[in-house]
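Below: the structure, in structure tokens.
Computed from a predicted structure; not experimentally measured. Side-chain atoms are counted along with the backbone in the values below, which use heavy atoms only and exclude waters and symmetry mates. Numbers here are sequence positions counted from 1.
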Amino acid sequence: MKQHWWKALAIVLLLYTVTMGFLGNVPHLPILNETIRNLYFHVAMWFAMMILLTVSVVYSVKYLRSNILDHDTVAVEMANMGILCGVLGLTTGSVWARFTWGDWWTNDPKLNAAAIGMLIYLAYLVLRNSLEDEQQRARIAAVYNIFAFAVFIPLIFILPRLTDSLHPGNGGNPGFNSYDLDSQLRKVFYPAVLGWTLLGVWIASLRIRVRRLEQKLKS
């Protein structure tokens, strides 16, 4: 039981996030109004995505240095969960855009860059499935994973800041922490980030165990 305390923590944090996300008090700002509750889902999921993708690329580097297939297993499952969080982030962001910008998707540098980034990572999964030899697949996938991460970071964090953007925190548009991420929101936002991240790690760990069992059966 002591080894699974973080799973219980994940459940508690997500229950807290969902409850406060729908029922908690939030500041009523112009245009945003009640939609600011999406901060606990859309933004928190993207934070979780970045953490999971970072862990994935670390294990890709570890594989290239050691040729231990288990490192590749961790890398791909962390990437899977990072991509899932990214897709959910795009979906919740699209809903938010509909109620604040009047459209599900706009020709915005931040949104377009995020979509391109997700396509780059989806190509990572396609590439893996196109190769049969385990070592070759792991090696090529690890190199591509490092490349994808190196492209993804400037694509979503740097390039949008160089142009005009509706998205908060980009193109001169102030981020939430500049005017509305007050102490009231922080009490839910940070637990939400940790909760979604732990959930992603939990699901990834289950999938890693399944892959390890499959590899043992093949050997």
Identify the two heavy atoms, one from [X] and one from [Y], that lie closest to each other, and give their separation to 0.1 Å.
{"X": "Ile120", "Y": "Ala148", "result": "CG2-CB, 3.7 Å"}
{"X": "Trp96", "Y": "Thr35", "result": "NE1-OG1, 3.0 Å"}
{"X": "Thr17", "Y": "Ala192", "result": "OG1-CA, 3.3 Å"}
{"X": "Ile146", "Y": "Ser60", "result": "CG1-CB, 4.4 Å"}
{"X": "Trp196", "Y": "Tyr40", "result": "NE1-O, 3.2 Å"}
{"X": "Met20", "Y": "Val188", "result": "CB-CG2, 3.8 Å"}

Under 6.0 Å from the CG atom of Asp133, do we count more than 12 heavy atoms belonging to anything else shown? yes
Just to verify, what does [X] make a side chain to side chain donor-acceptor pair (under 3.5 Å) with, not counting sequence neighbours?
{"X": "Trp105", "answer": "Asn112"}
{"X": "Asp72", "answer": "Arg128"}
{"X": "Thr197", "answer": "none"}
{"X": "Arg209", "answer": "none"}

Atom pairs and distances, donor-acceptor, side-chain atoms in residues 74-91, under 3.5 Å, two or more places apart:
residue: Glu77; atom: OE1; partner: Asn80; partner atom: ND2; Å: 3.2
residue: Glu77; atom: OE1; partner: Arg207; partner atom: NE; Å: 2.5
residue: Glu77; atom: OE2; partner: Arg211; partner atom: NE; Å: 2.2
residue: Glu77; atom: OE2; partner: Arg211; partner atom: NH2; Å: 3.3
residue: Asn80; atom: ND2; partner: Val76; partner atom: O; Å: 3.3
residue: Thr91; atom: OG1; partner: Val87; partner atom: O; Å: 2.9

Could you list the residues that satisfy salt bridge (Lys or Arg N to Asp or Glu O under 4.0 Å) with Asp70, not counting sequence neighbours? Arg212
Just to verify, what does Arg37 make a salt bridge (Lys or Arg N to Asp or Glu O under 4.0 Å) with, not counting sequence neighbours? Glu34
Distance check, rounded to the nearest 0.5 Å: [X] atom [atom1] versus [Y] atom [atom2]?
{"X": "Tyr124", "Y": "Tyr121", "atom1": "OH", "atom2": "OH", "value": "8.5 Å"}
{"X": "Asn145", "Y": "Leu127", "atom1": "CG", "atom2": "CG", "value": "10.5 Å"}
{"X": "His42", "Y": "Phe47", "atom1": "NE2", "atom2": "CZ", "value": "10.5 Å"}

Any Val55 side-chain heavy atom under 4.5 Å of Tyr59 side chain: yes
Side chain to side chain contact (heavy atoms under 4.5 Å, CB included) against Val12, all qualifying residues, sequence neighbours excluded: none
Does [X] have any ring pair (Phe, Tyr, Trp, His ring centres under 6.0 Å) partners at least two apart in sequence or in another chain, and if so, which?
{"X": "Tyr63", "answer": "none"}
{"X": "Tyr16", "answer": "none"}
{"X": "Phe41", "answer": "Phe22"}

Extract all donor-acceptor atom pairs below 3.5 Å that involve side chains of residues 149-156 and protein atoms in other chains or at least two apart in sequence.
none

Linking I/L/V/M/F/W/Y whenever their side-chain heavy atoms sit closer than 4.5 Å, directly or via other members, would Val126 and Leu131 fall into one cluster? no
